[in-house]
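Accompanying notes for the structure given below.
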Amino acid sequence: MSTKSTSGIDESGAIDHPSRSDGFVRGLSGLIGGPLGDHAVTRDRPNDGRGRFWTAVRIVLALTCLTLTLHWVQKSPCQDGAWVDNQQYTRFCYTDVLALYYAERLNEGAVPYRDHPVEYPVLTGYFMGALGLPVHSAGEGNPDINQGQWFYNLNALVLGALALATVMVLLALRRRRPWDAAMFALSPALLLTATVNWDFLAIGLAALGLLVWARTRDDRRGLILATLSGVLIGLGGAAKMWPLFILGPILVLAIRANRVRAAVLSIIAAAVTVVLVNLPVAIPYRENWNRFFELNTERPIDWGTLWYIGRYLDGKFGDPASIGPFQWLDANIPTLNYLSYALFGLACLAIGALALLAPRRPRLAQLAFLVVAAFLIFSKVWSQQFVLWMLPLVVLARPRWGAFLAWQIAEVGYFVAFYAELLGAATSTSVIPEGVFVLAASLRLATVVTLCVLVVREILHPEQDAVRRNYADDPDGGLLDGTPDAPWLDRFRNRQPAPTPTPVPTT
């Protein structure tokens, strides 16, 4: 039997059961007999090794492996690279990994950046070369090898391992709530987009950085871990830029808790890491290295973004004799860039103000999710696989199934509509009305905005936060966990200091 404190925190160390704690899951459980009973025999405490083999952790890991296997099967029609009759679109199996093996001339033995400009940040280019060049060398001595297929499968294996590492991080961060990680394991977005691109390289590194930060404490060892966390997040940022956004929430929360030194060390370590990873390419191959930045600067409005939806509405409902504001932005890329950056910057300022002024210090995952979601909402590019960026953060920030599944359904709808658009562009024949694609993009945008609103609501009303039912403060906060607010913040608010939360033992 679990015991709860007067604040509603589960202090017994028992594992959370969604059929009891999540209203949506509790309702669905009625189809199979209802929630877990109060007198059900369970052996699921974190340190109880006497339980059944199929513990929550092992089930989640097995489900992740199953989803990744199904993803590999779903992509298998495209593995040979012989894409005829647009089967990469009709079978929804297109992947950049295979296409860019040839487009980036890895099949010719070209070294990324040295011999050919690469459209991705440096660590992703290194990763492509580290896997692609050995495949090319093996193929030179054995012409029977399908190099593209070998390259894709090798990438699928490594990216799958990084996806497993990510779910293991989620399980490590939520030892009292292992079933939260099932949201990741059973995600339709994971099933459909896991190896569309190399995003799991950045996701895995960012997740490990969060895990290391969660282990920091206010001592010398904690400062070393904060530095290591910055290195891992910096490596993630050198693969895809978005992991660097996590550093902002770390800094703001550290300011509120008066633990700035560790946050600054983490930020400096991340910055130094990014510079050191880029220098070997940026100095000798400056023009090829700069290709990533040129593409992002020059790209017009991309499919499925807020700006794309606005441009469609301009053409649909605007004055045919004049250019609408979104249409004008599409023709004036520098202004579009500045506006996109400005809106993201304003969103970050608003999130920072929320972090400082909320009645209780928010959890790190909540703010990290809001920042990454804001970046995607206002970005002029929102590729299909970018959903993976938010996936582990949603699990950590708001582990509730109802809104999560609505978002995932919207993502699946967008995925299908996106491939219909790709097929239409390839055949110069409309597959679906443009309005259907815009509707799918709008639903995806609306569900992400809804998740943001729900996270903000739980920040303002922390008693509604599902994670804080099992943890007194912030299991991802590291040395911030259980730390009182800085005295200056209480003076700024002109109120009495808030009671210091007592951390729940994590054993």
**Report entry** Under 3.5 Å donor-acceptor, S340 side chain and L336 backbone
**Finding:** no
Query raised in the report: Would W83 and C78 count as a side chain to side chain contact (heavy atoms under 4.5 Å, CB included) if you check the C-alpha gap in whole Å, the side-chain angles of each, and the deciding distance to 0.1 Å?
Result: CA-CA 7 Å; W83 298 349; C78 288; 3.4 Å; yes
Report task. Give a yes or no answer on whether the side chain of Y126 reaches the backbone of V277 with a donor-acceptor pair at less than 3.5 Å. Result -> yes
**Report entry** Pairs involving residues 261-282, ordered by first then second residue, that meet side-chain hydrogen bond (donor to acceptor under 3.5 Å, both in side chains) (sequence neighbours left out)
**Finding:** N278-W289
**Report entry** By salt bridge (Lys or Arg N to Asp or Glu O under 4.0 Å) - contacts of E294 (at least two apart)
**Finding:** R291
Report task. Would you list the pairs meeting ring-ring contact (aromatic ring centres under 6.0 Å, His included) in which at least one residue belongs to residues 377-396, sequence neighbours left out? Result -> W242-W389, F386-W389
Query raised in the report: For T90 and Q87, which heavy atoms make the closest approach, and how far apart are they?
Result: OG1-CA, 3.2 Å
Query raised in the report: Do side-chain atoms of K380 reach the backbone of W307 as a donor and acceptor pair under 3.5 angstrom?
Result: no
**Report entry** D330: salt bridge (Lys or Arg N to Asp or Glu O under 4.0 Å) partners, not counting sequence neighbours
**Finding:** R311
Query raised in the report: By side-chain hydrogen bond (donor to acceptor under 3.5 Å, both in side chains), which residues pair with R444, not counting sequence neighbours?
Result: none
Query raised in the report: Counting heavy atoms not belonging to Y338, are there more than 12 under 6.0 Å from its OH?
Result: no
Report task. Side-chain contact test, heavy atoms from C-beta onward, threshold under 4.5 Å: evaluate it for V167 versus L61 and give yes or no. Result -> yes
**Report entry** Expected output: side-chain T216 to main-chain V212 donor-acceptor under 3.5 Å
**Finding:** no
Report task. May I ask you to decide if G477's main-chain N or O and W213's side chain share a donor-acceptor pair within less than 3.5 Å? Result -> yes
Query raised in the report: Between A207 and T166, what is the shortest heavy-atom contact and its length?
Result: CB-CG2, 4.2 Å
Requested in this report: Quick one: which residue pairs count as a side-chain hydrogen bond (donor to acceptor under 3.5 Å, both in side chains) with a foot in residues 105-116, not counting sequence neighbours?
Outcome: E104-H116, R105-E108
Requested in this report: For L211 and V169, work out which heavy atoms get closest and say how close.
Outcome: CB-CG1, 3.9 Å
Query raised in the report: D180: what forms a salt bridge (Lys or Arg N to Asp or Glu O under 4.0 Å) with it, not counting sequence neighbours?
Result: R177
Requested in this report: Locate the shortest heavy-atom distance separating W54 from R58; write the atom from each residue and the value.
Outcome: CZ3-O, 3.8 Å
Requested in this report: Taking S229 for its side chain and L225 for its backbone only, find out whether a donor-acceptor pair lies under 3.5 Å.
Outcome: no
Requested in this report: For the pair D314 (side chain) and F326 (backbone), establish whether a donor and an acceptor sit closer than 3.5 Å, ignoring hydrogens and angles.
Outcome: yes
Report summary line: When every non-hydrogen atom of P112 is compared with those of G125, the smallest separation belongs to CG-O, 3.5 Å
Report task. Indicate yes or no for a side-chain donor-acceptor contact from T67 to the backbone of A185 under 3.5 Å, with no hydrogens or angles considered. Result -> yes
Report summary line: Residues at least two apart in sequence or cross-chain that pass side-chain hydrogen bond (donor to acceptor under 3.5 Å, both in side chains) with R91, listed by chain then number, are none
Report summary line: side-chain hydrogen bond (donor to acceptor under 3.5 Å, both in side chains) pairs touching residues 403-415, sequence neighbours excluded, are S187-Q408, W407-E411
**Report entry** Contacts of type ring pair (Phe, Tyr, Trp, His ring centres under 6.0 Å), residue W328, not counting sequence neighbours
**Finding:** none
Query - W198 and N155: CA distance, side-chain angles, deciding distance, side chain to side chain contact (heavy atoms under 4.5 Å, CB included) verdict - result: CA-CA 8 Å; W198 291 275; N155 275 272; 2.7 Å; yes
Query raised in the report: If you draw a 6.0 Å radius around CG in D85, do more than 12 non-hydrogen atoms from other residues or ligands fall strictly inside?
Result: no
**Report entry** Side chain proximity check, V394 to F404, heavy atoms < 4.5 angstrom
**Finding:** yes
Query raised in the report: Between Y419 and F415, does the ring centre distance come in under 6.0 Å?
Result: yes
Report task. Mind listing the closest non-hydrogen atom pair of A214 and L173 along with its distance? Result -> CB-CD2, 3.5 Å
Query - Greater than 12 external heavy atoms within 6.0 Å of M168's CE - result: no
Report summary line: By side-chain hydrogen bond (donor to acceptor under 3.5 Å, both in side chains), D476 pairs with (sequence neighbours left out) R174
Query raised in the report: Which pairs count as ring-ring contact (aromatic ring centres under 6.0 Å, His included) when at least one residue sits in residues 135-159, sequence neighbours excluded?
Result: Y101-F151
Query - Derivation and outcome, side chain to side chain contact (heavy atoms under 4.5 Å, CB included), residues W72 and T195 - result: CA-CA 8 Å; W72 182 85; T195 62; over 6 Å; no
Report task. Could you tell me the separation between the CG atom of L123 and the NZ atom of K240, rounded to the nearest 0.5 Å? Result -> 11.0 Å
Query raised in the report: Are N197 and D96 close enough that a side-chain donor and a side-chain acceptor fall under 3.5 Å?
Result: yes
